[in-house]
Amino acid sequence: MPHLIILDASHNQLTDFFGFQPPKNLKEVNFSHNQMSVMKELSAYSTLTKLNLDYNSFSAIRGLEKCKRLSHLSLAHNNISRIRGLDHLPLRKLCLRGNVIQKTENLQTLCNLQFLDLSCNRIQSLSGLQNLHLLGNINLESNLIGEVKEAAYLHDLILLREMNLLRNPVQDQDDYRLAVIFLLQHIVLLDQHTVTAEEKVSAVNKYDPPLEVIAARDHMTHLVYHLMQPQVIFDSTLPSLDAPYPMLVLTGPQACGKRELAHKLCQEFSDYFAYGACHTTRGPYYGEEDGSDYHFVTEEEFQNMIQMGQFVQTMQYGGHWYGLSRETIERVAREGLACCVHMELEGVYSLKNSYFEPRYVLLIPTVVDNYVCFLKARGFYSNAQMETAVSRIDLYTKINRESPGFFDSVIPCDDRAEAYRTLKQLVKEYLGLEEHVGGSESSSITPDNTSTNATGELLPTNTTEATDLMDSYSRNYQNKIQAKMTPQQTPAEMTSNHIRQQLIREALSGKSPGAYAELFQRSAPTAPSSLPSQSQPLPGPSSSPMRPVGLSGPDPDEDSSSEESRASSGLSMRSSAGALSAESPARGSDAGSGHNIEPLDMSMLGQDRDSYRGHTDSGLTPDAPRSVSERVSPTLPSSPGRPGANVKPVLPPIPSGRKTNDSGSKQ
Ligand SMILES: Nc1ncnc2c1ncn2[C@@H]1O[C@H](COP(=O)(O)OP(=O)(O)OP(=O)(O)O)[C@@H](O)[C@H]1O
């Protein structure tokens, strides 16, 4: 039969293998379900494209080396224990189902392979499959694969669409499916079930969450824990509904100088800013004092603080926790000062979800070598820590490039002295300050023509006059700043603000317990894009920028409630009962008064993004290094505003009647 093309000799009792003269064009042969046990040399059958030898008794693959057209080979249900003898064959489909294979070996030269069936074997590892770049479908059902990480060998096979791992021990692992989907992000069918878009999103959010997701979770955690505590209205961080409590956040990669600059700024502008010391679980470096740079706490104390809802935001950095507590901000606010803090990018994201609306200044190294030298000179950091810090420069510059306005200003920090000068200038512009001309070098900065000398005394020596002057000046100053910074409001914004003010007034005066919920909606996300100041204002007679809103408004009710609340250190109320009480914020006492607060399950809110990142390159990898000029496009201090703002942005004013009240005693 020299012209035979297809031969089907299946389901017989043949024991001999290819015992006939090779037909010239024989392409497809089916010898399945016979009794053959030894494969022969098939070099004479070089035209073969499909060979089916299922259900025989072969124990080894051999004799196929010359079959240079063989694209389909099936040896299912034999006794094959090792994969070999297939090198460089043009196989597109290979089925070795139902053998006793333990290793996925000697497959790397099958570069045309698209379909691989290794089901019902004894395979434990997928090592050896990582180079099959055309592989689109792999069946590994009923094997001994026990670890999700084995799927990482297939991570780079971007054409892989279907995979079957049913009846493997790995199926018993928690979140097995999400983990595999995370590792094989191109897959569409896993274990015979379609992979949904929701599963893909969940997988990424679980194992490599974007910064926004981390921040949202962090915010959600603290908000939930906070709401589980007796609620306190912090009068001192509530200057009014429209003038957010002023805060300055210096951000940038570790040791870029932000902490040093924050301290310096707070020292020089001590009438305006105070340093907000975060809590951390890391131990103090040499020379660091508790309460000055950080509040150093144990892991247990930190976790307790989380559960007591004391943080506004937290983050883990270098294996340690860092967190900014409400009390830290509040302590500064009670002094009538703006809080100045420093933090990493994740903290900024998280803070942007809170009801605080700080100004964010990015301090960024532009000469990486100098930055590395500085890190080395500090002597605190391991190579890995330094690498992380350097790699995060790109993260900051990427955000700055891709999200204009995310940072209010960007200052290169290679030269710390220069960076401080720029920062100081920026702050002075924000606050509309002038330095006292002819004053001593160490005079601290005060509004316009008022200054203090080195010992902290007010320069006008008549105390009564000085205080009056201060008060009246401050009032004018407040109004001036407020008028300058108040963006023109659309009628919708004005109506919304009016309603919110009304609700607050009712809540503060106890008239409307139901309005408490509205109060806490202040915690809703305040992403930059949603800020009123960002939207283009509509012109209109009712939106005069000169009209101060909030505390300085003419409403007598508002003033009295404000006075009242100023007099007390804070009203407290239970979020659950919704009843106002005059108790001071109860830390311990309320906790023990019959309210059994169920701790939140942290695992539900937790972030296990490191778990699988080690197996892939798809983590938060920094951008490829770019040239310095490309990497940094600093926003000049002269235009520090948020995009779309119609007025030159200034720091929101310091709550009126606080700092001014204290200023005498402080100085
Ligand atoms: N609450 C916070 N949220 C986010 N990041 C924070 C917070 N507090 C501190 N950080 C940042 O965590 C990083 C590590 O802080 P740490 O003080 O341990 O490092 P450092 O080597 O002293 O660096 P630096 O000089 O920048 O403070 C710093 O970049 C710091 O700004």
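The residues of the chain are indexed from 1 along the displayed sequence. Just follow the structure's listing: the first ligand is 1, and inside any ligand the first atom is 1.
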For [atom], which protein heavy atom lies nearest, and how many Å away is it?
{"atom": "atom 31 (O) of ligand 1", "value": "H342 ND1, 2.8 Å"}
{"atom": "atom 22 (O) of ligand 1", "value": "R259 NH2, 2.2 Å"}
{"atom": "atom 14 (C) of ligand 1", "value": "Y322 OH, 3.5 Å"}
{"atom": "atom 15 (O) of ligand 1", "value": "Y294 OH, 3.2 Å"}

For ligand 1, which atoms, with element, lie under 4.0 Å from some heavy atom of [X]?
{"X": "M343", "value": "2 (C), 3 (N), 4 (C), 5 (N), 6 (C), 7 (C), 10 (N), 31 (O)"}
{"X": "Y381", "value": "20 (P), 21 (O), 23 (O)"}
{"X": "L324", "value": "1 (N)"}

Nearest 0.5 Å, what's the CG-CG distance between L345 and L211?
5.5 Å

Under 3.5 Å, is there a donor-acceptor pair between the [X] and [Y] side chains?
{"X": "H219", "Y": "Y349", "value": "no"}
{"X": "Q303", "Y": "Q307", "value": "no"}
{"X": "Y245", "Y": "E330", "value": "no"}

When you check the gap from the basic side-chain N to the acidic O, do E199 and K206 get nearer than 4.0 Å?
no

Short version for R282: what comes under 4.0 Å of ligand 1, heavy atoms counted, is side chain

Honestly, for H320 the part within reach of ligand 1 (heavy atoms, under 4.0 Å) is neither

On a heavy-atom basis, I'd like to know which of Q254, H279, E344 is closest to atom 12 (O) of ligand 1.
E344

Does CD in E289 sit with more than 12 non-hydrogen atoms of other residues, nucleotides or ligands closer than 6.0 Å?
no

Taking the side chain as everything from C-beta on, heavy atoms only, tell me whether Y396 gets closer than 4.5 Å to V410.
no

Hey, does R378 sit under 4.0 Å from ligand 1 if you only count heavy atoms?
yes

Of all the heavy atoms in Q313, does at least one lie under 4.0 Å from an atom in ligand 1?
yes

Using distance alone, determine whether [X] and ligand 1 share an N or O pair under 3.5 Å.
{"X": "E288", "result": "no"}
{"X": "A255", "result": "yes"}
{"X": "Y317", "result": "no"}

Can you say whether the rings of Y285 and F380 are parallel (under 30°), tilted (30 to 60°) or perpendicular (over 60°)?
parallel

Please confirm whether R392 makes a cation-pi placement over Y317, using NZ or CZ under 6.0 Å from the six-membered ring centre and within 45° of the ring normal.
no

What about F311 and F302, are their ring centers closer than 6.0 Å?
yes

